[in-house]
Amino acid sequence: NCSLASPMEPAKDKLIGGLLSPGFDEPSCLSRYQSAQFWKSSNHTPSPYLLQKLRSYEALHKRCGPHTDLYNKSIDQLRSNRSTGPLECNYVVWLQSGGLGNRLISLISTFLYAILNNRVLLLSVPDDLHDMFCEPFPGTSWALPSDFPIKKLETQDFYGRSPQSYGNLLKNKVISNGMDATHASLPAYLYLHLTHDADDSDKMFYCEDAQPLFRSFPWLFLRSNQYFTPSLFLMSQYNDELQKLFPEKETVFHHLSRYLLHPANSVWGYVTRYYEAYLANAKERVGIQVRIFPNAPVKFELMLDQVINCTLKEKILPDIKVEVAANLTTTGGGVKPKAVLVTSLQTGYFEKLRNMYYEHSSITGDAIGVYQPSHEERQRTENQNHNTKALAEMYLLSFSDVLVTSAFSTFGYVAQGLGGLRPWIVLRPDNQNPPCRQALSMEPCFHFAPAYDCKAGRNIDKGTVVPHVKHCEDLDFHWGLKLF
Ligand code: GDP
């Protein structure tokens, strides 16, 4: 179906260079086949090794997916109340935490962890994300089935204080990192608490020495709101594999998100309707994402200045002529406008920008159309319709030619990664009103990365250990890490 393609774009490789498996039925998930025609051409191709790995992962998932014989065997082990070493099918179950952006960056990290450890990724899908994504693996499902024996995944048993958490089992000496199933009676599963508030014991997860222990558990439950991928690149046992999978380090999220995150048809309708109505006809698309964090409020005028200063100084948008009607120049029609897509919970930034180009001509003579799909006023992650708009807007932003994002926002990270874009990052205004800066890599930032070095037994600067893991450009605290 080519009717959704922008008339400017030639038909693009539907399976994204072999990233996507051909084993699906197209109408059941249109976004899988249509997204590529909206994205700016990417000069990042997935490595043949990654493609091979994804195909073998798909085979593993099909063999071990819900209600297969091997899955049933692993369930029997779970019911037996103890772990006795790895089985033929081992799992990591993703548990949600935070807004949609936080959830998606942790999901991608968990998938990478699954691939590296030959585990099957299953999702405990929250009600408010129900049916929002297509199944990514052919002939099976990634959703934890409703008859899964553990029902209390969203209770205190699967949060930081749970006695069953890896951190607490370590603290209470029920397990230790050198231990394995041959000389110990291990619990039936392990809960990994890896959200921003993980304590020092939970964070022992990131020690290389801890990883062999996890292999003794067929069932891991992992809750995170972080992009913990950079820490996997700091564990030497994964080095060779990661190097082969991602010779270009900054493409981890880019490839894995395009592989995994396909909006379901109901969400895709929002994306394509909006694109066709407001963005398709533009000669250039600029995305501007304005995120104000409720726990760190910023004055509207200050943030507006930060956004406008960035777009004008970096020539992302043209300046305006000051005299209102004097020297009126028209192009006489036929010239395509530039489209600016603003996303924000508030409507003020969009209104100011729109009025600016309505009330004044641009110095380049360009017509500038400014659009905002929704203004939800506040975050309501428990509401599916709200999340649908959030996902649609992440995708719409990812279709930009140039992207401007807000520092620290995982919502922006998803858009930049999907789009393969290095965004201009608008920093929080302070006394100095720092100018925006362009990201040096399109990867998300691991905000609360552990500084503890397990070998040294003390905190170190993790941004200087290997050349491709450095501190993030968008944080004013220095422990965040990202891949370059
Ligand atoms: P972060 O808090 O910026 O890191 O991003 P998250 O996505 O984790 O959480 C913010 C949530 O607020 C989003 O998931 C949306 O539910 C909502 N939200 C924030 N900004 C926008 C926006 O520009 N558009 C829409 N539709 N929702 C937004």
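When reading the values below, keep in mind they use all heavy atoms of this one structure, side chains included, and skip hydrogens, waters and symmetry mates.
Remark: Thr110 engages no residue in a side-chain hydrogen bond (donor to acceptor under 3.5 Å, both in side chains) (not counting sequence neighbours). The side-chain hydrogen bond (donor to acceptor under 3.5 Å, both in side chains) check on Tyr91 picks up nothing, with sequence neighbours excluded. For Lys173, the side-chain hydrogen bond (donor to acceptor under 3.5 Å, both in side chains) criterion is met by no residue, not counting sequence neighbours. The side-chain hydrogen bond (donor to acceptor under 3.5 Å, both in side chains) search around Thr381 returns Gln379, not counting sequence neighbours.
In this model, a donor atom of one side chain and an acceptor atom of the other lie less than 3.5 Å apart for Asn177 and Tyr166. A donor-acceptor pair shorter than 3.5 Å cannot be found between the side chains of Gln34 and Lys14. Between the side chains of Tyr49 and Glu241, at least one donor-acceptor pair of N or O atoms lies under 3.5 Å. Counted by atom type alone, Glu393 and Ser374 present one or more donor-acceptor pairs between their side chains at under 3.5 Å. If you check the side chains of His386 and Gln384, you find no donor sitting under 3.5 Å from an acceptor.
Side-chain atoms of Asn168 come within 3.5 Å of backbone atoms of Ser162 as a donor-acceptor pair (strictly under, hydrogens ignored). At distances below 3.5 Å, at least one donor-acceptor pair connects side-chain atoms of Ser257 with backbone N or O atoms of His254. Asn90 places no side-chain N or O within 3.5 Å of a backbone atom of Ser74 that could act as its donor or acceptor partner. Checked by atom type and distance alone, the side chain of Gln372 pairs as donor or acceptor with a backbone atom of Gln346 at under 3.5 Å. For the pair Arg285 (side chain) and Leu279 (backbone), a donor-acceptor distance under 3.5 Å is present. Using modelled atom types, one side-chain atom of Asn265 and one backbone atom of Leu30 make a donor-acceptor pair closer than 3.5 Å. Between the side chain of Ser201 and the main chain of Leu170, no donor-acceptor pair closer than 3.5 Å is present. Here the side chain of Gln77 pairs a donor or acceptor atom with the backbone of Ala188 at under 3.5 angstrom. Side-chain N or O atoms of Gln226 include none that pairs as donor or acceptor with a backbone N or O of Ala449 at under 3.5 Å.
Side-chain rings of Tyr395 and Tyr274 stay apart, their centers remaining 6.0 Å or farther from each other. Remark: aromatic rings of Phe148 and Trp219 are close, center separation under 6.0 Å.
Within the 4.5 Å cutoff, no side-chain heavy atoms of Leu123 are placed close to those of Leu129. Looking at Lys470 and Ser441, their side chains never come closer than 4.5 Å, going by heavy atoms from C-beta outward. Side chains of Tyr191 and Leu95 form a contact here, defined as non-hydrogen atoms less than 4.5 Å apart. Inter-residue side-chain proximity for Leu418 and Trp39 is flagged as met; some heavy-atom pair is nearer than 4.5 Å. Contact annotation: the side chain of Phe484 approaches that of Glu473 to within less than 4.5 Å [non-hydrogen atoms, C-beta and beyond]. When side chains are defined from C-beta on, Ser216 does not count as touching Ser83, because their heavy atoms never get closer than 4.5 Å. Two residues are said to be in side-chain contact when any heavy atoms from C-beta on lie closer than 4.5 Å; Leu261 and Ile108 meet this criterion. Side-chain contact check for Leu144 versus Pro66: every heavy-atom pair is 4.5 Å or farther apart.
Note on residues 197-271: pairs passing disulfide bond (SG atoms under 2.5 Å apart), not counting sequence neighbours, are Cys207-Cys454. The stretch residues 117-139 participates, sequence neighbours left out, in these salt bridge (charged side-chain N to carboxylate O under 4.0 Å, His left out) pairs: Arg103-Asp128. Listed by first then second residue, pairs satisfying disulfide bond (SG atoms under 2.5 Å apart) with a partner in residues 74-181 read Cys29-Cys134, Cys64-Cys89, not counting sequence neighbours. Listed by first and then second residue, the side chain to side chain donor-acceptor pair (under 3.5 Å) pairs that reach into residues 456-468 are Asp461-His471, sequence neighbours excluded. Applying the salt bridge (charged side-chain N to carboxylate O under 4.0 Å, His left out) test to every pair with at least one member in residues 60-74, sequence neighbours left out, gives no pairs at all. Listed by first then second residue, pairs satisfying salt bridge (charged side-chain N to carboxylate O under 4.0 Å, His left out) with a partner in residues 209-230 read Glu154-Arg223, not counting sequence neighbours. Contacts classified as salt bridge (charged side-chain N to carboxylate O under 4.0 Å, His left out) and involving residues 90-101 (residues at least two apart or in different chains) are not found.
Between Trp479 and Phe448, the two ring planes are tilted [angle within 30° to 60°]. The aromatic rings of Phe446 and Phe228 sit perpendicular, their planes meeting at an angle over 60°, well past the 30° parallel limit.
One finds a salt bridge joining Glu208 and Lys455 here, because a Lys/Arg side-chain nitrogen approaches an Asp/Glu carboxylate oxygen to under 4.0 Å.
No more than 12 heavy atoms of other residues, nucleotides or ligands sit less than 6.0 Å from atom CD of Glu88. Counting heavy atoms of neighbouring residues, nucleotides and ligands inside a 6.0 Å radius, atom CG of Asp76 exceeds 12 of them. Counting non-hydrogen atoms of neighbouring residues, nucleotides and ligands closer than 6.0 angstrom, the CG atom of Asn172 exceeds 12 such neighbours. Counting heavy atoms of neighbouring residues, nucleotides and ligands inside a 6.0 Å radius, atom CZ of Arg82 exceeds 12 of them. Counted within 6.0 Å of NE2 on His44, heavy atoms from surrounding residues, nucleotides or ligands total more than 12; the atom is thus considered enclosed.
Residues Leu397 and Gly287 share a closest heavy-atom pair of CD2-CA, 3.9 Å. Across all non-hydrogen atoms, the minimal contact from Pro373 to Val342 is CD-O, 3.5 Å. Pro444 approaches Lys482 most closely through the heavy-atom pair O-CB, 3.4 Å. Scanning all heavy atoms of the two residues, the minimum distance from Leu483 to Glu250 falls at O-CB, 4.2 Å. Counting all heavy atoms, side chain and backbone alike, Tyr159 lies closest to Ser165 at O-CB, 4.5 Å. The shortest non-hydrogen separation linking Leu232 to Ser109 is CD1-O, 4.3 Å.
Checked options Tyr227, Phe205, Phe214; the residue passing with Tyr113 is Phe205 (criterion: ring pair (Phe, Tyr, Trp, His ring centres under 6.0 Å)). The residue from Leu112, Thr229, Leu107 that alone fulfils the side chain to side chain contact (heavy atoms under 4.5 Å, CB included) condition with Leu256 is Leu112.
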For residues 408-415, dump all side-chain donor-acceptor pairs below 3.5 Å to protein atoms at least two apart in sequence or in another chain.
residue	atom	partner	partner atom	Å
Ser409	OG	Gln289	NE2	2.9
Ser409	OG	Phe411	N	3.3
Ser409	OG	Gly412	N	3.4
Thr410	OG1	Asn102	N	3.1
Thr410	OG1	Asn102	OD1	3.3
Tyr413	OH	His447	NE2	2.8
Tyr413	OH	Asp474	OD2	2.6

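Under a cutoff of 6.0 Å and an axis angle of 45°, Arg55 and Tyr57 do not form a cation-pi pair.
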